[in-house]
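To start, the structure under review is shown below, and the notes come after it.
This one's a predicted model, so the numbers in the text were calculated from it and none came from an experiment. In what follows, every chain begins at residue 1, and chains take the letters A, B, ... in the order their sequences are listed.
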Amino acid sequence: MITLEVRTHQREELLDITSEIEQLVSENGICEGQVTLFVPHTTAALTINENADPDVKRDILYKLERSFPRSDGYHHAEGNSDAHIKASLFGFSETVLVHNGSLLLGQWQAIYFCEFDGPRPRKLAVKISPDVES
Amino acid sequence: MITLEVRTHQREELLDITSEIEQLVSENGICEGQVTLFVPHTTAALTINENADPDVKRDILYKLERSFPRSDGYHHAEGNSDAHIKASLFGFSETVLVHNGSLLLGQWQAIYFCEFDGPRPRKLAVKISPDVES
Amino acid sequence: MITLEVRTHQREELLDITSEIEQLVSENGICEGQVTLFVPHTTAALTINENADPDVKRDILYKLERSFPRSDGYHHAEGNSDAHIKASLFGFSETVLVHNGSLLLGQWQAIYFCEFDGPRPRKLAVKISPDVES
């Protein structure tokens, strides 16, 4: 189990971490298996989405903000209930398959660390599980 | 594979099941590995979120109700389409890593069984997978 | 790792793929373990939901369309930002347990391939992982 340090720079941000995960897979030497990613926070999450047009990231954050605005009759005193909700909607873990020593991602897919209440130093747990003979 | 019985008490409820899962991990004796949780229902789900201020749970359920109200032009005759939608948004499975014999959760994280159409007796499948030497 | 070809027929569609996955599990001969499904696209996803009343599928797609409409101040030039958002909300992977040689699904659960920007030929990665003695 590896813990990555992730530094976010805005309150809301989709940070492409694909190359960091790919590098860990490469260093591990795994050929076939899977990678489990887990975010140990309650206002950050993980997703996968397009790596080409940065407007996709902008549109995702824009629409989340419109649908789940920062102020909306919430009781939680820290004022970040929107971030807690967004994190539960996107989810705290991601499983990505490894095939022929590489992440099995689609052509347009990147793995994003989702910051919803930054900027902050964050952590990400990464577990690389090689297949075993059954 | 273990099946937990979960009793919910309201139509919508986030039920903290962290200690039950932690106990299963402890009884299993696993040191390193992961736990896969799976909800075999279509109007209940799983999430992870804050364990400290109960207002976070209240705000999550409140905002889900505002965004996905119980009546909204639905066709399904059982009148619980909102619960089906919320369950798909939060998801039916959760993967949590095990490290040094304990659940690898962040300081503020709890695992919640999400009831969206209760109260009902529910089930939760729990699979504990120890790491194997590759 | 197996790659399934999936043909979708509408822009938005929930395609029941349970029997295809059940057949792969049966052919594999696995008794206990789990199946990891992964969608290598950015405008398609996976979910689990009711297999009985088709109105549940209709209501899910209807409410997603109302909450995340196709036009909504998006910048992405391809005009499918709604599909990217829906895919991140539902998620790109699903883990289903295998018990006694069958998918461990609830009585009313089906596995759905979620098309949000079709119709298109799509792919689905399927990994069957038998339990190993620890």
Side-chain angles (χ1 to χ4, degrees), chain A residues 14 18 31-37 45-68 85-114 116 129-134, chain C residues 1-3 28-46 64 66-96 98 116-117 122-134:
Chain A
L14 300 185
T18 315
C31 185
E32 303 290 321
Q34 60 188 55
V35 179
T36 306
L37 308 175
L46 287 164
T47 197
I48 287 172
N49 220 301
E50 180 171 319
N51 58 13
D53 179 0
D55 275 342
V56 171
K57 293 199 294 178
R58 178 266 173 202
D59 287 352
I60 290 173
L61 292 177
Y62 158 82
K63 181 58 183 169
L64 284 179
E65 164 62 24
R66 274 176 52 103
S67 298
F68 308 97
I85 292 164
K86 291 170 190 167
S88 273
L89 288 169
F90 272 32
F92 299 89
S93 66
E94 203 70 64
T95 300
V96 183
L97 304 179
V98 177
H99 185 53
N100 288 334
S102 293
L103 292 171
L104 184 82
L105 291 171
Q107 180 179 5
W108 308 108
Q109 284 185 322
I111 305 170
Y112 288 102
F113 184 94
C114 309
F116 295 126
S129 307
D131 284 354
V132 288
E133 301 303 312
S134 57
Chain C
M1 216 274 302
I2 301 155
T3 303
N28 178 282
I30 182 179
C31 184
E32 302 290 321
Q34 61 187 53
V35 179
T36 306
L37 308 175
F38 185 84
V39 170
H41 304 285
T42 58
T43 55
L46 287 165
L64 284 179
R66 274 176 54 101
S67 297
F68 308 97
R70 194 159 177 182
S71 294
D72 197 6
Y74 298 125
H75 288 190
H76 182 45
E78 288 184 49
N80 61 355
S81 286
D82 65 313
H84 287 286
I85 292 163
K86 291 170 190 168
S88 273
L89 288 169
F90 272 31
F92 300 88
S93 66
E94 204 70 65
T95 301
V96 183
V98 177
F116 294 126
D117 191 32
R122 298 287 204 174
K123 291 184 189 304
L124 175 67
V126 181
K127 186 182 197 77
I128 300 176
S129 306
D131 283 354
V132 287
E133 303 302 313
S134 57

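Of the residues considered (A:Glu50, A:Gln107, A:Glu32), A:Glu50 shows the highest number of contacts with chain C, using heavy-atom pairs under 4.5 Å. Counting heavy-atom pairs closer than 4.5 Å to chain C, the top residue among A:Arg66, A:Arg58, A:His99, A:Lys86 is A:Arg58. In terms of heavy-atom pairs under 4.5 angstrom with chain A, the leader among C:Gly33, C:Gly91, C:Gly73 is C:Gly73. Of the residues considered (A:Ile48, A:Asp53, A:Asp55, A:Asp59), A:Asp59 shows the highest number of contacts with chain C, using heavy-atom pairs under 4.5 Å. Annotation: maximal heavy-atom pairing with chain A below 4.5 Å, among C:Ser81, C:Ser88, C:Ala87, occurs at C:Ser88.
Residue C:His41 touches chain A through its backbone alone, counting heavy-atom pairs closer than 4.5 Å. Only the side chain of A:Ser67 comes within less than 4.5 Å of a heavy atom of chain C; its backbone N, CA, C and O stay farther away. Proximity to chain A (any heavy atom under 4.5 Å) is restricted, for C:Phe38, to the side chain, taken from C-beta onward. Within the 4.5 angstrom heavy-atom criterion, atoms from both the backbone and the side chain of A:Leu104 approach chain C. Contact of A:Asn49 with chain C is made through backbone and side chain together, with heavy-atom distances under 4.5 Å.
C:Ala83 meets the side-chain contact (heavy atoms from CB on, under 4.5 Å) test with C:Arg11, C:Thr43, C:Asn80, C:Phe116, C:Asp117; sequence neighbours excluded.
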Pair A:Phe90, A:Leu64 - check side-chain contact (heavy atoms from CB on, under 4.5 Å), show working.
CA-CA 11 Å; A:Phe90 272 32; A:Leu64 284 179; 3.8 Å; yes
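For the atom pair C:Phe68 CZ and C:His84 NE2, the distance stands at 15.0 Å (nearest 0.5 Å).
Between C:Thr95 and C:Val35 there is no side-chain heavy-atom pair separated by less than 4.5 Å. The closest side-chain heavy-atom distance from A:Gln34 to C:Thr36 is below 4.5 Å.
Nearest heavy atom pair, residue A:Thr18 against residue A:Leu103, reads O-CD1, 4.1 Å.
For the pair C:Asp82 and A:Lys63, the salt-bridge criterion is not met [side-chain N within less than 4.0 Å of a carboxylate O].
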